[in-house]
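This is the structure I want to talk about, given as structure tokens.
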Amino acid sequence: MFMERSLKMACHIKMLRSVSAVFRLIDDFTGKVLNDASFFFLSNGKRISHIRKPEGFFVLVDMEESRDLQIIICSRYYCNYVISGLSVPSESKSIITARLTPGLNYPVPPGASAYSACFTHSSGIPAANLAIELYAPFRDGAVKLKSINTLDNEAYASLSNPYGVDYTGFTLAVPSPDEGDSPLVFSLSSRKDSTDFRIDRPLRKVPSCGCMVKRVYSSVCDFLGRALIPVDYIASPESPDVMEVQLHAFNGVNSYFRDISLSRGCIKHFNEVVDW
């Protein structure tokens with residue numbers, strides 16, 4: 001009902017102006033809907049008019065077709081969220097959900113856990129602009145991949161979802177079917193029903209059904225090689241005060257993996273050295 005009301009709202013606005021897209025912005029760490037005035041939108045370098053609704057939606061208007069779109073994020077979040085080749089949707093299209101990644105200035109809540117790091121090359125030069133991922137377990141219990149299905153040339157991931165969580169916008173990782181290979185990472189772009197979610201792009205390999213799914217937290221290092229990633233703390237089976245995650249840093253060509261332990265209720269800092 002809430003979604004239908006928002007789409008009707010967009011249709012009403014279209015009578016006055018041309019509606020291009022309807023966005024819902026979500027804090028990727030807390031899951032809360034964002035609706036403050038610090039966000040604005042650019043398309044090919046030009047600012048796009050938008051209407052900010054109290055329900056937590058941003059209605060973009062008068063945007064030309066098939067343009068690249070940037071959501072310019074306030075300083076609490078990493079850089080911006082980019083959609084390439086966004087086509088102006090019709091009234092029947094759903095709302096676009098964008099999960100925004102916390103940045104270096106993100107106010108980590110008291111009692112929360114976070115990964116903080118400074119990446120350098122072996123020469124001591126900061127490793128700027130590295131993409132950083134943490135593969136971590138889910139709080140919602142053992143989330144498993146039931147199957148990968150194809151419908152109308154689009155791939156869908158079917159997940160065990162006993163609590164009916166909406167994973168739209170989440171990035172997930174599953175083990176590769178080839179031993180020793182890096183995990184398969186994909187994002188869920190839309191929800192078909194309580195268990196099936198559309199995958200944003202084709203997977204390079206078909207993962208094994210029944211495998212455990214991990215949540216991917218991500219960020220990008222700044223020009224000094226610094227990164228901050230708050231995580232939803234899940235204690236390891238061996239210790240209630242330790243959370244085991246896998247770190248992945250990459251620059252588009254080279255990758256750096258290692259297992260790390262985070263502590264309950266604090267920001268743990270690491271000095272990471274990549275030999276590239």
Side-chain angles (χ1 to χ4, degrees), residues 28 78 81-86 94 96-99 101 115 119 127 129-221 227 229 231-232 234 236-237 243-260 262 272 274-276:
D28 190 55
Y78 160 69
Y81 181 100
V82 180
I83 296 179
S84 298
L86 176 71
S94 61
I96 301 171
T97 298
R99 300 187 69 94
T101 303
Y115 168 84
F119 283 80
N129 301 318
L130 286 185
I132 310 299
E133 293 178 336
L134 295 181
Y135 306 146
F138 269 102
R139 180 175 297 280
D140 310 302
V143 179
K144 294 184 178 181
L145 178 68
K146 296 166 61 178
S147 63
I148 297 289
N149 306 302
T150 302
L151 178 65
D152 297 330
N153 295 321
E154 293 185 334
Y156 288 83
S158 181
L159 307 176
S160 61
N161 192 9
Y163 304 110
V165 177
D166 185 359
Y167 291 114
T168 300
F170 277 71
T171 301
L172 308 178
V174 295
S176 170
D178 298 333
E179 187 175 353
D181 198 3
S182 60
L184 303 176
V185 177
F186 56 93
S187 296
L188 304 178
S189 58
S190 62
R191 183 180 189 178
K192 182 171 178 280
D193 52 40
S194 62
T195 59
D196 292 355
F197 298 83
R198 186 165 70 88
I199 299 175
D200 64 338
R201 61 182 181 273
L203 298 180
R204 68 178 190 274
K205 297 177 182 179
V206 179
S208 302
C209 296
C211 62
M212 297 294 294
V213 175
K214 290 191 175 182
R215 180 176 177 181
V216 179
Y217 296 90
S218 62
S219 189
V220 175
C221 292
I229 305 179
V231 299
D232 192 10
I234 309 294
S236 69
M243 178 182 181
E244 303 292 345
V245 300
Q246 185 179 37
L247 167 68
H248 178 209
F250 56 102
N251 63 0
V253 178
N254 302 298
S255 287
Y256 168 87
F257 286 95
R258 79 181 187 92
D259 295 329
I260 60 175
L262 299 181
E272 308 280 5
V274 291
D275 295 320
W276 301 331

TODO: Compare all side-chain heavy atoms of Q246 with those of E133 and state whether any distance is below 4.5 angstrom.
DONE: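 With C-beta onward as the side chain, the pair stays apart.
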Task: Atom of I229, atom of S218 and distance for their closest heavy-atom approach - done: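 So the minimum-distance heavy-atom pair works out to CD1-C, 4.2 Å.
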TODO: Show your reasoning for whether side chain to side chain contact (heavy atoms under 4.5 Å, CB included) applies to V231 and M243.
DONE: CA-CA 10 Å; V231 299; M243 178 182 181; 4.0 Å; yes
TODO: Mind listing the closest non-hydrogen atom pair of S208 and C211 along with its distance?
DONE: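 So the two residues come closest at O-SG, 3.1 Å.
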- [ ] Look at the side chain of S219 and the backbone N and O of A227, then say whether any donor-acceptor pair between them is shorter than 3.5 Å.
- [x]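 No, because the side chain of S219 does not come within donor-acceptor range (under 3.5 Å) of the backbone of A227.
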Task: Min side-chain heavy-atom separation Y156-I148 under 4.5 Å - done: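 No - every pair of side-chain heavy atoms lies 4.5 Å or more apart.
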TODO: Starting at OG1 of T195, measure out to NZ of K146 and round the result to the nearest 0.5 Å.
DONE: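 Going from the OG1 atom of T195 to the NZ atom of K146 covers 4.5 Å.
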- [ ] Without swapping roles, check the side chain of S187 against the backbone of S189 for a donor-acceptor pair under 3.5 Å.
- [x]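 Not a single qualifying donor-acceptor pair exists.
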Open item on the list: Does L188 form a side chain to side chain contact (heavy atoms under 4.5 Å, CB included) with T168? I'd like the steps, not just the answer.
Closed with: CA-CA 5 Å; L188 304 178; T168 300; 5.8 Å; no
Open item on the list: Could you check whether any side-chain N or O of Y217 sits under 3.5 Å from a backbone N or O of D232, counting only pairs where one atom can act as donor and the other as acceptor?
Closed with: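 Present.
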- [ ] Can you see which heavy atom on S176 is nearest to which on L184, and at what distance?
- [x]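 The answer is CA-CG, 4.1 Å.
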Open item on the list: Has D193 got a side-chain atom pairing as donor or acceptor with D196's backbone, closer than 3.5 angstrom?
Closed with: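 Looks like yes, one N/O pair under 3.5 Å.
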- [ ] Supply the atom-to-atom distance T171 OG1 to R99 CZ, rounded to the nearest 0.5 angstrom.
- [x]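 T171 atom OG1 to R99 atom CZ measures 9.0 Å (nearest 0.5 Å).
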Open item on the list: Using 30° and 60° as the class boundaries, would you call the ring planes of F257 and H248 parallel, tilted or perpendicular?
Closed with: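 Aromatic pair F257/H248 classed parallel.
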Task: Non-hydrogen side-chain atoms of Y256 and D275 separated by less than 4.5 Å - done: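 Result no, sub-4.5 Å side-chain heavy-atom pair not found.
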- [ ] To the nearest 0.5 Å, tell me how far L262 CG sits from I234 CD1.
- [x]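 Spacing of CG (L262) from CD1 (I234) equals 11.5 Å.
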Open item on the list: Rounded at 0.5 Å granularity, tell me how far CZ in F119 sits from CG in L130.
Closed with: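 CG of L130 is found 6.5 Å from CZ of F119.
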Task: Parallel, tilted or perpendicular, as decided by the 30° and 60° cut-offs, for the rings of F138 and Y167 - done: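 It falls in the perpendicular class, over 60°.
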- [ ] Would you please test V174 and Y135 for side chain to side chain contact (heavy atoms under 4.5 Å, CB included) and show each step?
- [x] CA-CA 9 Å; V174 295; Y135 306 146; over 6 Å; no
Task: Stepwise side chain to side chain donor-acceptor pair (under 3.5 Å) test for S147 and N149 - done: CA-CA 6 Å; S147 63; N149 306 302; 3.1 Å; yes
- [ ] Would you give the length of the straight line joining atom CZ of R198 to atom CD of E154, rounded to the nearest 0.5 angstrom?
- [x]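 CD of E154 is found 4.5 Å from CZ of R198.
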TODO: Flag the pair L145 / P207 as yes when at least one side-chain heavy-atom distance between them is below 4.5 Å, and no otherwise.
DONE: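 L145 reaches P207 side chain to side chain.
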Task: Heavy-atom side-chain proximity of V216 to P183 below 4.5 angstrom - done: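 Result no, sub-4.5 Å side-chain heavy-atom pair not found.
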Task: L247 vs L134 side-chain heavy atoms within contact, under 4.5 Å - done: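 With C-beta onward as the side chain, the pair touches.
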- [ ] Could you grab the distance from atom CZ of R191 to atom OG1 of T97, nearest 0.5 Å is fine?
- [x]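 If I round to the nearest 0.5 Å, the distance is 11.0 Å.
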Task: Flag side-chain contact, heavy atom, 4.5 Å: F197 against N161 - done: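 Yes, their side chains come closer than 4.5 Å.
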TODO: In sequence, state the C-alpha distance, the side-chain angles, and the governing distance for I132 and C221, and then conclude on side chain to side chain contact (heavy atoms under 4.5 Å, CB included).
DONE: CA-CA 7 Å; I132 310 299; C221 292; 3.8 Å; yes
